[in-house]
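Presented below is the structure to which this report refers.
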2 protein chains.
Amino acid sequence: MPEEIPVPPWRRPKKAPPRMPLTQDRIVDTALGILDAEGLDALSMRRLAQELKTGHASLYAHVGNRDELLDLVFDLVLTEVDIPEPEPGRWAEQVKEMCRSLRRMFLAHRDLARIAIDRVPLGPNGIMGMERTLNLLRAGGLQDELAAYGGDLLSTFVTAEALEQSSRHSGAEQSQEQAGMFADQLHGYLKSLPATQFPNLVHLAGPITSLDSDRRFELGLEIIIAGLVAGAGADDGADDGVRSSAGSTPPES
Amino acid sequence: MPEEIPVPPWRRPKKAPPRMPLTQDRIVDTALGILDAEGLDALSMRRLAQELKTGHASLYAHVGNRDELLDLVFDLVLTEVDIPEPEPGRWAEQVKEMCRSLRRMFLAHRDLARIAIDRVPLGPNGIMGMERTLNLLRAGGLQDELAAYGGDLLSTFVTAEALEQSSRHSGAEQSQEQAGMFADQLHGYLKSLPATQFPNLVHLAGPITSLDSDRRFELGLEIIIAGLVAGAGADDGADDGVRSSAGSTPPES
DNA sequence: ACCTGAACACCGTTCAAGT
DNA sequence: ACCTGAACACCGTTCAAGT
């Protein structure tokens, strides 16, 4: 290929304007960059405009408002989530893999769980993700209603767990030590409670404070998947989709 | 009873100052009132001070900052939640009753789910609630780790479900019609997708959009409780606390 | 000891005016 | 058509000064 002929400097301002044009993609990319580096509170329209070397009012030509911007950022990162094609005999494991991939995405982007928690992902990537999620869940034999709701429940769970993990070390900057510090303090506090009034908290102070984020996540995943499986075969009789559990009494009616 | 002798007006300013003194309780009560009536975004320190007929800077003598105020509001409403004493043979039903009571609390206070979602309830009423929750969960035979985490999982679920229900009709003011409108629109949109690319969304457009909040809540509750029950008996062998589900492959290691 | 006014350093959004 | 400056109507928090 022939090399590009250098443009004479005196006409450069016209051909290549010093600022590349503002586009929605550039705005959303930059927003994600600020989010990763400085968190949601730092992501103001003014800060974003400054990063893009433009006036903050200019952004409104491309994004509507801040909330819509966050919708776009959320949909963008959804490309990072892997949702497997169903393979026979690996259903539960594949559901876990999907949830772990979603979790990894959250942990890779500071404060993204805060953005996701009260948003329904209806952007192009969100819709694509829903389709693939439903495809996987139905491959496990879940009836329609359970498949439709199961995806919601799983993603809500993953988001909430990521939110709680990130908010744990949000007070200060340290990520792991701070979490441990807090757990130790809480453990001491729980142990110090009067055992007559709080026998369960005193007894369970250990388990309550020793569960780390990974363990909590895997435990919750097991519980929800077990619950879905328990409901999967219940096409017979019950109008419920989930079989009544051991330990429950018959319905009062 | 003798009637009160009227105080001469010229000395009233001294005995009964026109403003009752600012206390933390009065601040928190008033904050909850604003929340119920106008929502979280309206609850600013300035708006709150105005309601209390004082300067906004005065609040900081009693509450630290806005975040701490929200902690206090959250702990206050926790008094409204009923957590039953365990009764034999009614475990699953009692767990449901507890979750429904928590949900009712959320639905009674606008935007409270937004406050609760990233907060660990460590105020006096929160601690009390944890103790009673653990007491109930353990009565169902849940091992320590599962009891400790199960309470968290259930309350996260209830909070997230309340959050999603309240954010559904947050765009406008209507509460029920708006939700139905949105569901109808979404249903039409999903049905209109190309069936070759989105077979599952097209097929499940009905179940996805027809699940109302109550149904979603009861369904999720069933799933989680079934999952907890499935793990309850698994003391034997597995280091997991939850038995591996049907459909899963053996662990890779 | 408790409360206040004023100030500081920010926000999101709109809109007339420019190029 | 796209971008800008200036303005509007707000924020949470701090702090010296008052009573």
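Residue numbers start from 1 in every chain, and the chains themselves are labelled A, B, ... in the order their sequence lines are given, proteins ahead of strands.
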**OP:** Please state how far atom CZ in Arg66(B) lies from atom P in dC10(D), giving the value in whole angstrom units.
**Re:** 16 Å

Subject >> Under 3.5 Å donor-acceptor, Lys191(B) side chain and Ala205(B) backbone >> reply: no

**OP:** Return no unless some side-chain N or O of Thr54(B) is found under 4.0 Å from OP1 or OP2 of dT4(C).
**Re:** yes

Original post:
Partners of Asp75(A) by salt bridge (Lys or Arg N to Asp or Glu O under 4.0 Å), sequence neighbours excluded?
Top reply: none

Original post:
Can Glu218(A) and Arg100(A) be counted as an ion pair, charged N to O under 4.0 angstrom?
Top reply: yes

Original post:
Between His56(A) and Gln50(A), does any side-chain donor sit less than 3.5 Å from a side-chain acceptor?
Top reply: no

Original post:
Expressed in angstrom and rounded to an integer, what is the separation of Arg26(A) atom CZ from dC3(D) atom C1'?
Top reply: 13 Å

**OP:** May I ask you to decide if Leu40(A)'s main-chain N or O and Arg114(A)'s side chain share a donor-acceptor pair within less than 3.5 Å?
**Re:** no

Subject >> Members of residues 37-51 of chain B that approach DNA chain C, where some heavy atom sits under 4.0 Å away >> reply: Arg46(B)

Original post:
Over how many whole Å does the gap from Glu68(B) atom CD to dT13(D) atom C1' extend?
Top reply: 14 Å

**OP:** Not counting sequence neighbours, which residues clear ring pair (Phe, Tyr, Trp, His ring centres under 6.0 Å) with Tyr149(A)? List them please.
**Re:** none

**OP:** Please check if the side chain of His62(A) supplies one atom and the backbone of Leu22(A) the other of a donor-acceptor pair under 3.5 Å.
**Re:** yes

Table please: side-chain donor-acceptor pairs of residues 67-74 of chain B below 3.5 Å, with sequence neighbours left out.
residue, atom, partner, partner atom, Å
Asp67(B), OD1, Arg119(B), NH1, 3.4
Asp67(B), OD1, Arg119(B), NH2, 3.3
Asp71(B), OD1, Arg119(B), NH1, 2.9

Original post:
How does each nucleotide of nucleotides 14-19 of chain C score, in 5' to 3' order, for protein heavy atoms under 4.0 Å: base (B), sugar-phosphate only (S), or none (-)?
Top reply: BB----

Original post:
What is the distance from CD of Gln24(A) to P of dC2(D), rounded to the nearest Å?
Top reply: 13 Å

Original post:
How about Phe217(B) and Phe157(B): are their ring centroids closer than 6.0 Å?
Top reply: yes

Subject >> Pairing pattern in dot-bracket form [Watson-Crick, G-U; both distances under 3.5 Å; | = partner strand] for DNA chain D >> reply: ||.|||||...|||||.||

**OP:** Quickly work out the Leu52(B) CG to dT4(C) C1' distance and round it to whole Å.
**Re:** 15 Å

Original post:
To the nearest angstrom, how far is Leu59(B) atom CG from dC11(D) atom P?
Top reply: 13 Å

Original post:
Arg103(A) and Gln165(A): side-chain donor and acceptor closer than 3.5 Å?
Top reply: yes

Original post:
Rounded to the Å, how far apart are Lys53(A) NZ and dC3(D) P?
Top reply: 16 Å

Original post:
Counting only N and O atoms by type, is there a donor-acceptor contact under 3.5 Å from the side chain of Asp212(B) to the main-chain atoms of Arg215(B)?
Top reply: yes

